[in-house]
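Note sheet for the following structure.
Hydrogens, waters and symmetry mates play no part in the numbers below; they use all other heavy atoms, side chains included. Sequence positions, counted from 1, serve as the residue numbers for this chain.
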Amino acid sequence: MTNPAIELDGVTLELGPRRLLDTASFTVNNGEFIGVLGPNGAGKTTLMRALLGLVPNVRGTLRVLGRPVTHGNALIGYMPQGRSISTAHRLSGRNFVTCAVDGHRWGVTLARSRIRRAMDHALAIVDASDLANRPLTELSGGERQRLLLAQCLLGQPQLLLLDEPLISLDPNHQASVVELVRRVQRQLGITVLFSAHELNPLLNAIDRVLYLGNGYAALGTVDEVITPSILSRLYGSPIDVMQLGKRIFVMSGSIEVEKHDHAHEADHQL
Ligand SMILES: Nc1ncnc2c1ncn2[C@@H]1O[C@H](COP(=O)(O)OP(=O)(O)O)[C@@H](O)[C@H]1O
Ligand SMILES: [Mg+2]
């Protein structure tokens, strides 16, 4: 039997005075697509960084793909929050994706032919082989996200951590990025943690949802987790859940909390 992708057993995560996780325990199975949600500051980014071995003083047991976390784990692909492609110059997509090859993981020891093969493979998976020959300036936000995804896939990771890849994309591009990640995740049989402000763009794609808030972590199906009682605990105030057609709204009184909570953030996005 393969190891679970992620296991937390009594994990406490603190940053300064804030306790982001308080003795949290959950298991993400191999090959799951998990939507990571929670109010601004709940610890979505910090959890991903902890899985990468970048957060000191984690208490409890935290395992990735059956092993204790290590810094620079080549089995993990990571797209940090706010990652964007500078379009100030006429770099092609292919050259942009190559930049990652010079990163710490790859060093300079890899033969050029091997790098080229890995690159062609990653670009093909995200359906960007042609795209990659065009200047970045000509690409849409959604097309650039495809190249960022190709970059994450270069090291053939078994676990992908995508931190808010939908930020600053319009709804159509959001939907295509979610579909792409879902297809790639299934095709490669890898595990994905995909954090987002809002649940709705992810609803059709995710296997389960990991909702963080108030030191708690709730992992389960949408029906199990998106309930007034669980979300009220995570938000620390009374929450209602409204379903309208295929969309779900998390409400605090008449305010839609997921939207409200992040409303100012898009403005600050570079
Ligand atoms: N390096 C750090 N030192 C101290 N506090 C931090 C650090 N990084 C983030 N925080 C704080 O930890 C909390 C969780 O942040 P974060 O993980 O970015 O949440 P989310 O991604 O869910 O918005 C926030 O209150 C943030 O201000
Ligand atoms: Mg974050």
Return each pair, listed once, that meets salt bridge (Lys or Arg N to Asp or Glu O under 4.0 Å) where at least one residue sits in residues 47-56; pairs must be two or more places apart or across chains. none
Quick test of your reading: applying ring-ring contact (aromatic ring centres under 6.0 Å, His included), list the pairs with at least one residue in residues 14-36, sequence neighbours left out, ordered by first then second residue. F33-F194
With side-chain contact (heavy atoms from CB on, under 4.5 Å) as the criterion, how do L148 and L162 come out once you've worked through the C-alpha distance, each side chain's angles and the decisive distance to 0.1 Å? CA-CA 10 Å; L148 286 171; L162 307 179; over 6 Å; no
By side-chain contact (heavy atoms from CB on, under 4.5 Å), which residues pair with N214, not counting sequence neighbours? Y216
Would you name the heavy atoms of S195 and E164 that are closest together and state the gap between them? OG-N, 2.8 Å
My understanding is that only residues two or more places apart in sequence, or in another chain, count here; which of them pass side-chain contact (heavy atoms from CB on, under 4.5 Å) with I255? H260
Filter on salt bridge (Lys or Arg N to Asp or Glu O under 4.0 Å), then keep only pairs touching residues 232-247, sequence neighbours left out; what's left? none
What's the verdict on side-chain contact (heavy atoms from CB on, under 4.5 Å) for I76 and L52, showing C-alpha distance, side-chain angles and the deciding distance? CA-CA 8 Å; I76 307 179; L52 292 159; 3.7 Å; yes
Quick check for you: to the nearest 0.5 Å, what is the distance between L202 atom CG and H197 atom NE2? 12.0 Å
Per the ring-ring contact (aromatic ring centres under 6.0 Å, His included) rule, what does the pair list look like for residues 129-175, sequence neighbours excluded? none
Criterion side-chain contact (heavy atoms from CB on, under 4.5 Å) on L199 and V250, from CA distance to verdict: CA-CA 9 Å; L199 177 62; V250 176; 5.5 Å; no
Closest approach of A24 and L8, non-hydrogen atoms and distance? O-CB, 3.7 Å
Hey, what do you get for CG (L166) to CD (E198), rounding to the nearest 0.5 Å? 9.5 Å
Taking all atoms of both residues into account, what is the closest heavy-atom pair of A50 and V55, and its distance? N-CG2, 3.5 Å
Okay, side chain of K44, backbone of G38: is any donor-acceptor separation there less than 3.5 Å? yes
Just to verify, what does E7 make a side-chain contact (heavy atoms from CB on, under 4.5 Å) with, not counting sequence neighbours? P4, T27, R63
Enter the distance from R67:CZ to L62:CG here, rounded to the nearest 0.5 Å. 15.0 Å
Could you tell me which non-hydrogen atom of L193 sits nearest to which non-hydrogen atom of M48, and how far apart they are? O-CE, 3.8 Å
Rounded to the nearest 0.5 Å, the CD atom of E143 sits from the CD atom of Q145 at a distance of 11.5 Å
Tracing side-chain links under 4.5 Å among I, L, V, M, F, W and Y, which residues wind up in one group with L244? M242, F249, M251
Between CG on residue L37 and CG on residue L210, distance to nearest 0.5 Å: 8.5 Å
Which atom pairs, donor and acceptor, lie under 3.5 Å between side-chain atoms of residues 123-136 and protein residues at least two apart or in another chain?
none

Output side-chain donor-acceptor pairs under 3.5 Å for residues 13-23, partner residues at least two apart or in another chain, one line each.
from, atom 1, to, atom 2, distance (Å)
E14, OE1, R59, NH2, 2.9
E14, OE2, R19, NE, 2.8
E14, OE2, R19, NH2, 2.7
E14, OE2, R59, NH2, 3.4
R18, NH2, G41, O, 3.3
R19, NH1, D22, OD1, 3.3

How many angstroms lie between atom OG1 of T46 and atom CG of L51, to the nearest 0.5 angstrom? 11.0 Å
Can you give me the closest heavy-atom contact between P157 and C152, atom names plus distance? CG-O, 3.4 Å
Let me have the donor-acceptor pairs involving side chains of residues 222-231, under 3.5 Å, with sequence neighbours excluded, atom names and distances please.
from, atom 1, to, atom 2, distance (Å)
E224, OE1, T221, N, 2.8
E224, OE1, T221, OG1, 3.4
T227, OG1, I230, N, 3.2

Restricting to salt bridge (Lys or Arg N to Asp or Glu O under 4.0 Å), what partner residues turn up for D207, sequence neighbours left out? R182
What is the minimum heavy-atom distance between A217 and L212, and which atoms define it? CB-CD2, 3.6 Å
